[in-house]
Amino acid sequence: MATKDKNSWDPEIVVFACNWCSYAGADTAGVSRIQHQPHFRMIRVMCSGRIQPAFVLRAFERGADGVLVSGCHIGECHYIFGNERAIEQFEKTMSIVKMLGIEEQRLRLEWISSAEGARFAEVINEFTEQIRELGPSPFGRKRSPAKAGKGVAG
Amino acid sequence: MDAGRHPLIEVITNAEVVDCQGDPGNFEVTIHKNPRFVHEDLCVACGQCVDACPQVGGNEFDMGLKARKAIYRPYPQSVPGAYVVDPEACLNFMGFLDDKQRRRLEMIQKLKLKKDPEYTPNILVCGHCMDNCDVDAIDFDMKGEDIHKDVGAVLVAVGFREFDARKLGNYGYGRLPNVVTSLELERMLTAGGVTNGHVVRPSDMKTPKSMVFIQCVGARGEGGRPYCSRFCCMNAVKDSMMIRQHQPEVEDITILYTDLRAFGKGFDDFLQRSYDTHSAEYVRGRPAKVDHIPEDDTLEVFVEDTLGHEQRRIKTDLVVLSVAAAPNDGAIELAELMGIETDQYGFIAKKDPAISAVESTREGIYVCGSASGPQIIPDCVAQASATAVRAQLFLTGHRIEEEEEHMDAEPMELTGPPRVGVMVCHCGVNIGGVLDVDQLVEYASTIPDVVVAQPNVFACSSAGQDELVEMIEEYDLNRVVVAACTPRTHEPVFQETLSRIGFNPYLLEMANIRDQCSWVHSDQPELAQEKAKTLIRMSVARARNLQPLIREKVPMTRSALVIGGGIAGIQAATDLAVQGFPVTLVEKDDHLGGRLARPNLDLLYPNLRSAQEVLDEKIEILNRTDARVLLSTEVESMTGYVGSFEATFKGQANETASFGAVIISTGADLFEPDGLFCYGEMDNVITSAQLEEMFCEGRDLSLGGSAPSSASFILCVGSRDPEGFTGCSRYCCPTAIKQAMELHRKGIDTTVFYRDIRTVSKGAEEMYRQARGEGVLFVRIPPGSQPEVVGGKRAEAVRCFDDLLGRHLEVPTDLVVLSVGMRPGQPETENFQEMLKVPVGTDGFLMELHGELAPVETAVEGVMLAGTVQGPKDIVDTVAQASAAAAKASIFLAFDKVKIDPTVATVDENKCRGCGKCVDICDFHAPELVEIAPKLFVARINASMCKGCGTCASWCPTGAIIARHFTDRQVHAMIDAFFG
Ligand code: FES
C-alpha cells in the first residue's frame, strides 16, 4: 500500500489536543463542515499541560511523520496556567527531538480556541503540507514494511 | 448546553408569556408556545431535513447576512437541539402561496370536506422534509398551545435589541451597503459565522483596506437615547485588535469616539495593548455624516477632531456603527402584563436604582442582564446568579434538602480480561452518507478483544440506548466503544445510560467519527473511511486500558462564613440566611456597613437617597434572619477545602469553627494621594472621601480659610496610572459629578478635570448632562499631561492645558477635591491569598475564576468573592455580585455531601521521591508534601482540590503521579494503535 512515490505518499500525523479549546475547535470545524486534510488522528487530553515529552517521542518512535501539540490561547486555559506549562514541556520535547535528528518542522505547537474551527482546518492543512514537503519521517521509513502491512489489515 | 441537560430545568422555547396572576410565592403564569412543527423529543438533530428543504428564508441570527432553509436549527449550539420550521418561509403554509394556488387549495379542501366531514385539511404542498426524516419528528398538524405553570418567582431576562441605525439618516445605514452595524460585524468575525471570520465589504465581498468605527451611534443623546450602552467601546477596541491580527490586509482602522469607557476589570490594560500595537487610530469626535463616493465606491466620513481641532474627511472602505442597545421588542407589553414598571426608555425598571441589583417593582419578579439596561457580560452573569438566589426566597419548599440519589443500580461486576463491544452510529446520513458503516462494523469486530460490533441508526436516540444496554447484557461486556459524534456533547448521555444499569460510566470510550471525520472529510470518502477505522482502533485500545472509577463523596459542613460586613457581606449573609442556611458574618469594626456607614458616605447617586437610610434597611432585614453576626472580630487563620474549611477567629469572639463555603467581602482601600497635587501640604486640598465625610457631618467647607466660592475636582487620582493601579475605579466619575452638583448648588463655581467621563451606571449619564446643564464646568485633561495645583500655603488655582480651546487654562479655586481610586484592601487581600490560596490578579485584587463566565467563583472551590475585593465597582454591581456569591455558595450548601470527580490525579507513594515539583506547579494547591517517616516525604493529592488537568502527571520525574482516565498507558495505547 504505502508506496515510496512522493505524490501518493500520505503522511501520518498525531494531534494532541486539550478538551476545552483545540479539541472543541476541531468539533467546530465539523459543525461548520469546513473540509481539511484527513491524515491526522486526534488524541484528547484534558489540558495541554498533560502532554509530556514521552507522548510525543513515542509517537515519533512508532513512525509518526509529524506531531501537533495544541491547547487554549494563553490566558484562556481552563486550568489557568496549564498551557504555559505546556510551553515548557514543548521546549524540552523539541530539544530531544532535535537531538534525535528529527527535523524540527515535524513538531509544532499551536493555540486554537473552541470557536476557531476555520483556523483549526487551516493549521491542519498547512501542517500536512509542510510534512508532505519533508517526506516520510526517518523513523517511519525504517518501519515501512509494517506500515505497508497496515493497509491490508485495515 | 448545561441548562438543557439539567434535571430541574424545563426549557420552553418558541414561546411567550401571555399572562401572570397571583402573588409572590404562587404566581400563575400562562405561556403560549408557538408550534415548532418538529417534535423535540423525537428529533435527533441529524440535519437531513435541511438538506431536503427546497425553500430559503431569512436568518435573524446571522443578521440577514446569510440565508437559511425554511427548516433550520437556530444556531449550532441551540438548546433544545431540535429543528424548527419557519412558517413565514415554509411552502406548506397557506400564507406563502400566491392567490391562485391558495384558491386551488381551498377548492380541493372543500371537495374533500364534502366527501368526508371528519377530514382535517392536511394537503402538503411540499413535505420533502417529512419524507427525509427517519424518526418521523416533523408534524405540520402541531398547534400552538397555552401552558399554565404555577411558579414561585419570575425572572425576566429578555435582553436587548440594537438601536435602529436607520433613524440616523446622515450615517447612511440601510442606504449605503458598506455601512454596517457592530452586530453585523460581529457575525462576520465569528469563526463559524457567515464569512468564516473575515471582514468583507457587503457590496463586493472584498476585504476592506480601511475601516472606520463610529461610536455611540444612537447613544448618549445623539439622535437617540441618552444613556451609555456600556459594551460598545471595548467591543470596538477588541474588534480592531482581532481584525488587525487575522487580516493584516486591513491597513487602517480608525475609531471615532466621545469618551473611551474602559471601565471593567482589566479593560484599561486591554486598551493600552491596543495603543501599543497600533491596532487603531483613535480620534475624538462625533462625525456629522457619511457620504458615498461613487467614483471608486468608497465612503467619506466628515468629523471634527476635538483634540486636534481640525475638520477631517476620512476616506474609507467600510464604516461600522457601534449602535446603542435598545429595549427589546415587546418589553413594554411584557412589563404591562407582568404588572411591573419600565423606565423612561422602555427597559424594565428596578425598584431603587441606587441599590437594587435585580428587584423589579413587583415583589417576586426579578430582572437580570440587559433587560434592565445595557450590561457587560460579567455583570450579566453576576446578576443572573443574583436573581436565582432571590427567587429561592419563594421556593423554599422546593429546595433540594438532601441529595436525591437517582437510584443507581447495583454496580455490575466488570472484572476479567477486556470484553469490548463497539457500536457504530449512522447518525442518519451524517455518518452513514459518507462512511460505509457496515464495513466499519465488520472491521471493528476483527480488532483484538472486541467481542461484538453493531451498527445503529441513531445511537443517542432512546431506541439506540436500549440496544446498547441489550448488547452489554447479551455479550457480557465490560468495555464499550461508541463510534459516533463528539464526546464533548454526548459522553454524558451515554454515561448516564450506563450508570442506570450499574455499568461503570468510566469504562466508556467514544470515537469521534462524525464531527472530526465524516463532516470534515466528506470530499475524500475513502480517506475518511481509513481515518474512521484508525479512530475506532485507537478507541478500542484506550477502552482496553480504562479503569472503573468511583465518584467519591466528602461530607459538606452545611454552613457558610461571610468575611467582611460591608454592603456586600450584609447582602450575601442575608441571602443565605433567608434560605435557612446557617451563616456567620464576621466584621472587624464594631459596626456593620463598611463604606456605606456614616460618616463615609452621605447620599447615593443617582436618586440622592441617604446612604445610611439604605444601609439601615439592609441591616434591619439581616437582623430579622438567623445569621450570626460577630463584630470586632477578625479571621486569624484558615485552612481546609470545600466542604470543610476551618476558621479561627480573634477579637470579640475567640473560637474555631468549620464551614462548608466561604464568601470573601472585605472590600477595597482608597488610594492615599500623599505628596500628589500638594495633598498634605495645602489645607484646602482634600480627597473625595474627606469631602463626603464633611457632607455627612454637615461641616463647613472653609478648611481653615474663608468659605470657598470656587472648587475643582481632579479625577482618576490613583487610577489609570501606568505606575500604580492601571485600571479604572468605576465609582469615581459619577461620585465626582454628584459631589460637584452638590457644591454647585451651594453656590460654589465648580470645575471637573477629567480624562474620560465614564458614567456607565444607570442614571449616571443623565446626571452628567444635568450637571453640565446646571453649569458645572468640565475640562478634559489631555492625554499624557497632568493638571497642576498652584498656590502658596493654600491652593489658589488649578492649571491645565485645555485641548478643546488649545491654550493654557487656569481655574481659580478655593477648594481642590481629588477623586481617589480604589486599591486592593490590605492586609486582607494578602492574608486570604496566603491562607486560602486564592490567586491574585495582576492588578493586585483577588482574582475570579473566569472574567466573564465565573465572575464570583475563585480557583479555590467553595470560596466566592463579593464586592470590591475582586476589583472596583459601584454599589449596585456590588450588591448584585454579593447575591451571586450567595447563590453559588447555596449550591454547595444544598447538599450534605460534595461529589468529587474521580478523574483526578493520584500518587503512587512507592514511586514518589518527594521532590515537590507537583506542589510547585499546581495552581490549585492540590498536592502537598507529607512526612511519612522522619525525613521521608511523599506527595499526596487532595481530590477535593484537584481539577484533573493532569499537568502534574506530565511533570512528575518518576512517573509516580497518575492522571486518572488519561493515564500514560491509555495515551500510549492510543499512539501504538494508530501505527499498529
Ligand atoms: S485546558 Fe486547554 S490548554 Fe489547558
Side-chain angles (χ1 to χ4, degrees), chain A residues 10 12 14 16 18-20 23-55 58-59 62-64 77-82 85-86 88-89 113 115-119 121 140 143 146-147 150-151 153-154, chain B residues 76-77 190-193 196-198 246 443 446 485-489 512 514-524 527-528 530-531 533-535 537-538 542 839 847 849 859 903 921 923-924 947-956 959 963 965-966 968 971-972 974-976 978-980:
Chain A
D10 285 330
E12 293 181 301
V14 179
F16 292 101
C18 81
N19 181 59
W20 305 100
Y23 191 89
D27 283 347
T28 305
V31 173
S32 322
R33 311 291 198 278
I34 305 170
Q35 303 293 310
H36 48 269
Q37 291 289 318
H39 308 296
F40 69 99
R41 311 286 180 257
M42 281 280 231
I43 295 181
R44 179 174 71 116
V45 289
M46 290 317 276
C47 176
S48 63
R50 174 73 185 100
I51 302 160
Q52 62 200 39
F55 292 173
R58 180 125 176 167
R62 297 290 137 142
C77 169
H78 196 73
Y79 307 98
I80 311 180
F81 296 123
R85 312 266 182 244
E88 289 177 54
Q89 294 286 38
S113 83
E116 294 175 327
R119 211 178 96 77
R143 295 182 55 263
K147 262 187 162 179
K150 193 202 86 196
Chain B
Q77 299 89 8
T190 310
N196 287 328
H198 294 289
H246 293 297
Y443 170 71
T446 65
C485 47
T486 172
R488 298 189 73 254
T489 57
N512 188 345
R514 186 186 76 176
D515 303 46
Q516 298 187 5
C517 190
S518 68
W519 274 354
V520 291
H521 307 311
S522 55
D523 55 347
Q524 311 183 54
L527 290 170
E530 274 313 304
K531 176 169 176 179
K533 280 187 199 166
T534 318
L535 289 177
R537 189 168 68 234
M538 290 164 72
R542 175 157 185 255
M847 194 166 81
L849 183 60
T903 60
I921 61 147
D923 294 306
F924 305 98
K947 303 261 177 201
C949 65
T951 305
C952 55
S954 80
W955 279 71
C956 179
H965 213 50
F966 292 91
D968 291 4
V971 175
H972 287 166
M974 288 183 89
I975 299 171
D976 294 355
F978 180 177
F979 303 99

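So that the names make sense, note that chain A is the first sequence line, chain B the second, and so on, each numbered from 1. Being a predicted model, the structure only gives us computed values, none of them experimental. What's counted below: heavy atoms across the whole structure, side chains too, no hydrogens, waters or symmetry copies.
The contact between Asp923(B) and chain A is made entirely by side chain atoms (from C-beta outward), counting heavy-atom distances below 4.5 Å. Proximity to chain B (any heavy atom under 4.5 Å) is shown, for Ala86(A), by neither the backbone nor the side chain. Residue contact with chain B, scored on non-hydrogen atoms closer than 4.5 Å, involves the backbone and the side chain of Tyr23(A) alike. Interface remark: Ala121(A) contributes no atoms to any contact with chain B (heavy atom separation under 4.5 Å). Residue Ser518(B) does not touch chain A at all, counting heavy-atom pairs closer than 4.5 Å.
A 4.5 Å side-chain heavy-atom check between Asn19(A) and Arg488(B) finds at least one atom pair inside the cut-off.
In terms of heavy-atom pairs under 4.5 angstrom with chain A, the leader among Thr486(B), Asp976(B), Asn512(B), Leu527(B) is Asp976(B). Listed options Lys947(B), His965(B), Lys531(B) were ranked by heavy-atom pairs under 4.5 angstrom with chain A; first place goes to Lys531(B). Across Gln37(A), Met42(A), His39(A), Arg44(A), the residue that shares the most heavy-atom pairs under 4.5 angstrom with chain B is Arg44(A). Contact tally against chain B (heavy-atom pairs below 4.5 Å) for Gly82(A), Cys18(A), Ala64(A): the top residue is Ala64(A). In terms of heavy-atom pairs under 4.5 angstrom with chain B, the leader among Arg50(A), Gln52(A), His78(A) is Arg50(A).
Judged by distance alone, the side chain of Arg85(A) and the main-chain N or O of Ile921(B) form a donor-acceptor pair under 3.5 Å. Looking at Gln89(A), its side chain does come within 3.5 Å of a backbone N or O of Ser954(B) through a donor-acceptor pair.
A donor atom on one side chain and an acceptor atom on the other are not found under 3.5 Å apart for Gln35(A) and Arg33(A).
Arg58(A) has no carboxylate O lying under 4.0 Å from a charged side-chain N of Asp968(B), or vice versa, which leaves the two without a salt bridge.
Qualifying ring pair (Phe, Tyr, Trp, His ring centres under 6.0 Å) partners for His36(A), counting only residues two or more places apart in sequence or in other chains: Phe40(A), Phe120(A), His521(B). For Arg514(B), the salt bridge (charged side-chain N to carboxylate O under 4.0 Å, His left out) criterion is met by no residue, not counting sequence neighbours.
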